[in-house]
Amino acid sequence: MLKKKPREMTGAELKSMLKSSINLKSLGGVRCPELNVSPEDLKWWRDAKIGMFVHWGLYSILGRGEWVRFNEKIPKEEYEALAWEFNPKDFNMKEWTDLAKSFGARYMVMVTKHHDGFALWDSPGSYEGFTSYNTASKRDFVAEYVQACREAGLRVGLYYSPMDWRFPGYFDPEGLPENAALMKKQCYAQVEELCSKYGMIDILWYDGGWLAHKGSDASSAWFWEPEKLNRMAKSYNPKMLCNPRSGWEGDFYCDEGSHEIVGKIIPVPWEKNMCICSGTSWGWMPDDPVSDFDWLIRMMVNVVCRDGNWLVNIGPDRDGKVSDEIKNRIREVGDWLRIYGESIYNTRGGPIEPVDHVYGTTSSEDTIYLHIIDRKKFAGQKIPVAPYEVEAVTTFDGVPCEFDITDGLLNIRLPGNLPSDEKSLADTILKIKVNGRIEHKEYDRIYFTSR
Ligand code: GLC
């Protein structure tokens, strides 16, 4: 458990960090340092770098986004009747874990209950028993998922939304306190089920600790009592990581959406979560365009060079099937990672600050991986490599590159014969070997106290 006193980031320092394009959601939650995992227990996650997120539920039948029930004001009975159509007979969870592996993911996060309230497991705590286990499929998909992840050697993450549109008390927690209390009771019961019934859970990924769509997760902490909730959750596995969307600060931060990542290295554990498709829906939508390969690679590089993790979402259809277009892109990214993964997995962002739209660095041991995302703009760049002493600069395959150093600034001339097809241009990786190990500091716990 955490020994060091947390550091506070306020005022200008905080403002400066938030100037980057990274929009860490849910800052300012309740503090409870004794619940935080230690840097050692966070290590696997920081080493893992790549995760796969899955949004799948009743909304996957309609194909108009996971917010469809709310956005279209679908009456309760009508929406709930979908549970009797949700029956993916030929679906086997191994399809998703195989896909996650082929993507190069080291962990997964699956939605177990979204804001619509439908639980994908045998959940005695579910209000009105609204579960996959009680309806058409009669299956406990969480049990199937956890088992498949373990068999595939993937770390297990569960997404859980405390808020639930079925409760009028959610929209008016003070006016309808009894109904709101029922929602809270469900949340505590279901979190306990998820953390206790399926063995060790590695990540509890909350979403929607807000109330009535007003305020933020942090501002509704009075309602959820996140310290109590997470004390209970972590009593089953103190090493489980939590994100900050339950009103507690959590173990890592989230940047959500497909916006570009620029700016400096972010000195906290953080994860970018985004969709492999357009990002207009997390759940399945027909013909949702898949992002381009080179755009995805640059996104990943920009995240990892700023010391973040990359959690990429897919929305399988009602039968759990993933489109061929998505599958192909997943394999393409995975194939890239199978070749260049050494410069991504087990590295840390830096030590050299990225230059937006030009390059960034990751590092491990005595090697700095220079990720060049625009070769033209890279020409003539002076890279502030001091205090490290450069021993050699090579291409990823070990071909020596010419370089010179003046006043601690490294200038590299790219070999003329680098492959220049579109895929190779997405990220050109050079290895800079330095004299001695690269320092990777473990971050202090940082609290964000004002914006
Ligand atoms: C948002 C949305 C939700 C989605 C989530 C993924 O908070 O409410 O639909 O599941 O982000 O990060």
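No experiment lies behind these values; they were computed from the predicted model shown. Only this structure's heavy atoms are used, side chains among them; waters, hydrogens and symmetry mates stay out. Ligands are counted one by one from 1 in listed order, and the atoms in each one are counted from 1 as well.
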Salt bridge or not for Lys272 and Asp255, using N-O below 4.0 Å?
-> yes
Do any side-chain atoms of residues 290-297 form donor-acceptor pairs under 3.5 angstrom with protein atoms, and if so which ones, sequence neighbours left out?
from   : atom 1 : to     : atom 2 : distance (Å)
Ser291 : OG     : Ile276 : O      : 2.9
Ser291 : OG     : Cys277 : O      : 3.4

Under 4.0 Å from any heavy atom of [X], which atoms of ligand 1 are there?
X      : value
Trp67  : 2 (C), 3 (C), 8 (O), 9 (O)
Arg245 : 7 (O), 11 (O), 12 (O)
His114 : 3 (C), 4 (C), 9 (O), 10 (O)
Tyr159 : 10 (O)

Determine whether Arg46 and Asp307 make a side-chain contact, defined as any pair of heavy atoms from C-beta on separated by less than 4.5 Å.
-> yes
Heavy-atom side-chain contact between Leu204 and Leu241 under 4.5 Å | no
From Glu66, His55, Met163, Glu256 - option closest to atom 9 (O) of ligand 1 by heavy atom = Glu66
Ring pair (Phe, Tyr, Trp, His ring centres under 6.0 Å) partners of His114, counting only residues at least two apart = His55, Tyr59, Tyr159
Does Trp205 come within less than 4.0 Å of ligand 1, judged by its heavy atoms?
-> yes
